[in-house]
There are 2 protein chains.
Amino acid sequence: MSAKVPAGKKIRSNHVDIVQVAQHAGVSPATVSRVANGQSTVAKHLAKRVWKAIEELGYTPNPQARALVSGRSRVLGLLVSEITNPFFPELMQSFEDVAGEHDFEVMIGSTNYNRERAKLFIRRLVQRRVEGVAVMTFRAESHLLDELVAQDIPLVTIDVSANSARSLVLEVDYAYGIDQTIQHLALLGHRRIGFASGPLPHLTNVRRRDAFLNSVKKIGLSAQNTPIFIGDHTFEGGTLAALHFLKCKPRPTAIVCSNDMMAIGVLRVMTERGIRVPREVSVVGFDDIHLAEFTNPPLTTVCMSRQELAHAAFRGLEQLWAGSSPDSNNSIRVRTGLVIRQSTDPPLELADSLRTRSRSRKVKVRSAAI
Amino acid sequence: MSAKVPAGKKIRSNHVDIVQVAQHAGVSPATVSRVANGQSTVAKHLAKRVWKAIEELGYTPNPQARALVSGRSRVLGLLVSEITNPFFPELMQSFEDVAGEHDFEVMIGSTNYNRERAKLFIRRLVQRRVEGVAVMTFRAESHLLDELVAQDIPLVTIDVSANSARSLVLEVDYAYGIDQTIQHLALLGHRRIGFASGPLPHLTNVRRRDAFLNSVKKIGLSAQNTPIFIGDHTFEGGTLAALHFLKCKPRPTAIVCSNDMMAIGVLRVMTERGIRVPREVSVVGFDDIHLAEFTNPPLTTVCMSRQELAHAAFRGLEQLWAGSSPDSNNSIRVRTGLVIRQSTDPPLELADSLRTRSRSRKVKVRSAAI
DNA sequence: TGATTGCAAGAAATCGATTTCTCAAATAAA
DNA sequence: TTTATTTGAGAAATCGATTTCTTGCAATCA
């Protein structure tokens, strides 16, 4: 059926080219191109003939040739932290889907938190002439992106800001997820909620803390009932936070942490002290790292929607292509959402009166929650 | 630093092209090409000058132009079942790594067991002129691959065999993992091991069963102590198998299933009957599906090495490119390996005498096991 | 010494599209 | 009716490489 390729060097695929279509339709290649690209300058009867020929021969334009002349490769780069963290495959899939809908192909690379790996991948991106890169990685160092910046490649980032005019940092709406958290806790009956903040110089930590303050104010909790501990986003910071909250005079019945590692530190202290989570104290994290699913009990935490993140990243690239100034006020927001697992329950004083309450809510709701 | 791109249409990247290199080195573009591609027909002193120019200008050949003239896109396709199953991200990463080392880019698509999705992705692959596709998907229907076959694109598959001369099915060495399983059980002290087979018309099931028979013979178990139940690879099949084995006169102390769904069915029956796994009966699955990690107890099962699978797939494509006949005897094998989780333990009669034995082996050894 | 061969390197063709240029025909304006 | 303008479609240039074709020069041989 298909032409047999001999052992020789030169490989010619059996794809139909534009000249064949042109001959079949009795027009020039230029006309075929115009029709295929939807230009209105072609007479209807000719266009019809061309479409018929395209249809009959099963013509699809050669993307390499097209890329060559247009200077646009229609390839994007996607850099993620680690592929084994379930957060990222979902993000990858969503990003590929949006990109695919717009006829872009995606080169995916996982840094695995390894600088050399990242550098190598970024070099491949530059060599492939990608038209834009979504840097969906955490803990990245901005100078890693220098090669991309030097090539003036549009960049959308989530955690680092590249030193480039053609780049854009997505606005993650931390407040949304934190508000959900507080509402969730309030619904369970908590009225004393501690907050373990991250180091405050960092903007995202200030944002998270402010979001917390805002949310507890909304449900009318006093400052006394919402103690704040400034930690450092590490496991140890979490243990210190836990010890601090345990000493508070009216002891909080729930502890909200500004990242998961601290929450895991809190869990550890509670386990050591024999304080049962969630029965005696509820714990909520932030980030939804891989580990969160495997802690004991599995951690209720806030994570951002991978789908929204992917779409936002793509929209960000579109904005950069369009050349809209990065300081334009139509900034791109990404919602966050609460993932309810098993580290939250009604506070002890309430729980006893609710003993008969169904425990069915403890099913995994990871995907549904966002 | 980089030339500013005006709002105009035509986009020219700031990449150095071969002509600039040629001028800088004072030679013709042809010579640059010859040097860059390592052809020996260039005088040493000229080659040196060219390399210097390439270095100084940071030249990297435009892959689109190269693809156009050579007819080779240097893009591969990778089709997987579902990205949320942790099996696949690992496979994807490994495959991208091998491909990247050989200067190939990979287009990844996840079918999510959805026919339309798969078709769409395959169409994108054809349009992109991929040079080969690794179909690392289970439960695929071979006619899904028809479009690829029609384009004569080399295919390496794992579960389906495409009706194409330029395709190749990887040989999975089921025997290896099953032998590991039996050894593992024997080491724990099991001497009566049941096997729940899948439907026997299918070749892979025959292979798995034969492997089982071989392995138990090797450790000297009689047919009476190794009862076999022919199931259908479903959950219900597993429950039937369990009921069958419970009725066996010398009841097996361990049950090996030829896929995970059946093993999960076995677990269910045991739970219902109050028979503790692994204390009273050990259960082993096959496939290492996503669920296996979340059963109660987490299922010890056989899975194939993602890394080996990825490498094998790439080597398979290389073979097809080289044009070696598919029936050549250097078939490509993929090892399987036992993933020890928590559904296996010494048999009850032995366990009591070993009460003091460390339970530390129960840590997760997923990655280490392969 | 002159004819032949070998070889290195430049000139030019090629890949398959898009896009600019060009020109003839059709329409509009005078 | 004649001239100016628009329009549609083909011819040709272009993108950036690779590869074939040529050519000039040096080496080999008679």
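A, B, ... follow the sequence lines: proteins, then strands. Residue 1 opens every chain.
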Specify the separation, in whole Å, of atom [atom1] of [X] and atom [atom2] of [N].
| X | N | atom1 | atom2 | value |
| --- | --- | --- | --- | --- |
| Ile54(A) | dA17(C) | CD1 | C1' | 13 Å |
| Gln64(A) | dT18(D) | CD | C1' | 15 Å |
| Leu57(A) | dG16(C) | CG | P | 15 Å |
| Asn14(B) | dG16(D) | CG | C1' | 15 Å |
| Lys44(B) | dA9(C) | NZ | C1' | 15 Å |
| Asp17(B) | dT14(D) | CG | C1' | 13 Å |
| Asn62(B) | dC15(C) | CG | C1' | 13 Å |

Quick one: closest heavy-atom pair of [X] and [Y], and the distance?
| X | Y | result |
| --- | --- | --- |
| Thr111(A) | Ala118(A) | CG2-CB, 3.8 Å |
| Val42(A) | Arg34(A) | CG2-CB, 3.8 Å |
| Phe104(B) | Arg74(B) | CE1-NH2, 3.1 Å |

*So which one's nearest nucleotide on DNA chain D is more toward 5', Ala65(B) or Gln39(B)?*
Ala65(B)
Can you tell if the side chain of [X] reaches within under 4.5 Å of the side chain of [Y], non-hydrogen atoms only?
| X | Y | answer |
| --- | --- | --- |
| Arg49(A) | Leu46(A) | yes |
| Glu96(A) | Ile108(A) | yes |
| Val80(A) | Phe95(A) | no |
| Phe314(A) | Leu76(A) | yes |

_More than 12 heavy atoms from other groups under 6.0 Å of CZ on Arg117(B)_ = yes
_For the NZ atom on Lys119(A), are there more than 12 heavy atoms of other groups (residues, nucleotides or ligands in this structure) within a distance under 6.0 Å?_
yes
*Does Tyr59(A) place a side-chain N or O at less than 4.0 Å from the phosphate oxygens OP1/OP2 of dA17(C)?*
yes
*Phosphate OP1/OP2 of dT18(C) contacted by Asn37(A) side-chain N/O (<4.0 Å)*: yes
*Hey, can you pull the residues of residues 125-132 of chain B with a non-hydrogen atom under 4.0 angstrom from DNA chain D?*
none
*Please determine, for the side chain of Arg66(A), which listed nucleotide (dG16(D), dA17(D), dA17(C)) has the closest atom?*
dA17(C)
*asked:* Applying the side-chain hydrogen bond (donor to acceptor under 3.5 Å, both in side chains) criterion to Thr60(A), which one of Gln127(B), Arg129(B), Arg123(B) satisfies it?
replied: Arg129(B)
Give me, pair by pair, the N or O atoms of the protein and of nucleotides 5-8 of chain C that are less than 3.5 Å apart, along with how far apart they are.
none

*asked:* Testing Leu320(A), Leu168(A), Val133(A) one by one against Leu155(A) for a side chain to side chain contact (heavy atoms under 4.5 Å, CB included), which residue passes?
replied: Val133(A)
_Within residues 18-36 of chain B, residues whose heavy atoms come under 4.0 Å of DNA chain C_ = Val27(B), Ser28(B), Ala30(B), Thr31(B), Arg34(B)
